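Scroll down for the structure; my scribbles are underneath it.
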2 protein chains.
Amino acid sequence: MECVLCNPSNEKIIKQNNLFRVILVDEIPGFIRIILNKHIGEFSDLNFDEYNKITKEIYRIEKIMRKTLNPDKINIASLGNYVPHLHIHIIPRYKDDSWFPDSIWSEKHREYKYQTTQKQLDELLEGIKNG
Amino acid sequence: MECVLCNPSNEKIIKQNNLFRVILVDEIPGFIRIILNKHIGEFSDLNFDEYNKITKEIYRIEKIMRKTLNPDKINIASLGNYVPHLHIHIIPRYKDDSWFPDSIWSEKHREYKYQTTQKQLDELLEGIKNG
């Protein structure tokens with residue numbers, strides 16, 4: 001079966017390099033995903049130097065996300081049960097969002113209208129791009 | 001309100017140092033959690049040196065978990081929506097476990113009996129302890 005992350009379509013790529021790409025996910029305003037270019041399943045399939053490049057990017061994006069979106073919490077996860085191609089979710093969470101305090105993979109508790117502005121999103125993307 | 005990770009009880013501590021402790025979580029055989037000693041909410045509340053100590057430990061534990069438990073997938077997540085005190089879940093997943101392919105925070109799909117042996121668990125804990 002074709003891997004959807006090896007054969008992506010319509011990704012909103014913010015930045016990319018030899019190792020990974022960073023995309024904006026539509027589902028939640030400011031939801032960021034780091035996707036490895038090569039088809040590997042786990043962090044430890046990377047050598048330690050590659051791994052450190054990814055974790056450094058996670059740290060950097062988290063900082064920018066806090067500064068620009070000021071969410072109540074940030075959720076970071078590498079699951080890959082559906083698509084075993086390493087990718088990392090970086091998700092801004094708000095205390096009255098649809099799932100809070102549960103994960104976004106849990107059942108929805110309520111409807112929620114994000115207050116995130118285009119200016120905030122632009123600043124987030126600009127910050128990620130220029131790192 | 002008291003933080004349950006600042007005031008823990010009955011934690012099965014595998015190792016600990018000045019920065020964090022690593023515990024065995026009962027819910028799933030081999031479920032490991034890294035808990036920061038200090039009460040901070042996000043990775044970027046750590047300085048970059050401290051952050052790297054944590055990510056190095058995640059990488060190390062993931063390697064040991066693959067070697068000893070040989071799970072179908074490993075899920076790694078830092079959520080903290082209920083308890084905003086930085087902690088990282090490292091979870092062995094199996095293709096017919098109760099939630100697969102969904103997250104363990106999703107609805108259960110089925111009952112599942114883990115085949116993990118005591119020998120495997122001992123080797124996992126030994127590997128984590130001796131790092």
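Everything quoted here is computed from the prediction, not taken from an experiment. FYI, side chains are in, hydrogens and waters are out, and symmetry mates aren't considered; it's all heavy atoms of this structure.
Smallest separation of non-hydrogen atoms from A/Tyr59 and B/Phe43: CE1-O, 3.6 Å. Summarising the geometry of B/Ser103 relative to A/Leu79, their closest heavy-atom pair is CB-CD1, 4.1 Å, with the distance given to 0.1 Å. For the residue pair A/Ser44 and B/Arg66, the shortest heavy atom distance occurs at OG-NH1, 3.0 Å. Across every non-hydrogen atom of B/Lys56 and A/Phe48, the tightest pair is CG-CZ, 3.7 Å.
A/Ser106 contributes a side-chain N or O that, together with a main-chain N or O of B/Trp105, makes up a donor-acceptor pair within less than 3.5 Å.
Side-chain polar atoms of A/Asp102 and B/Tyr82 form a donor-acceptor pair below 3.5 angstrom.
The distance from atom CD1 of B/Ile76 to atom CD of A/Glu42, rounded to the nearest 0.5 Å, is 7.0 Å. Separation of atoms CD1 (B/Ile74) and CG (A/Asn81) is listed at 11.0 Å; rounding is to 0.5 Å.
More than 12 heavy atoms of other shown residues, nucleotides or ligands fall within 6.0 angstrom of atom CG in B/Asn130. Counting non-hydrogen atoms of other residues, nucleotides and ligands closer than 6.0 Å to CG of A/Asn47 gives a total above 12.
Heavy-atom pairs under 4.5 Å with chain A were tallied for B/Asp45, B/Ile58, B/Asn52; the largest tally goes to B/Asp45. Of the residues considered (A/Asp72, A/Ile104, A/Ile88, A/Thr55), A/Thr55 shows the highest number of contacts with chain B, using heavy-atom pairs under 4.5 Å.
No continuous path of hydrophobic side-chain contacts links A/Tyr94 to A/Phe100 [ILVMFWY only; heavy atoms under 4.5 Å].
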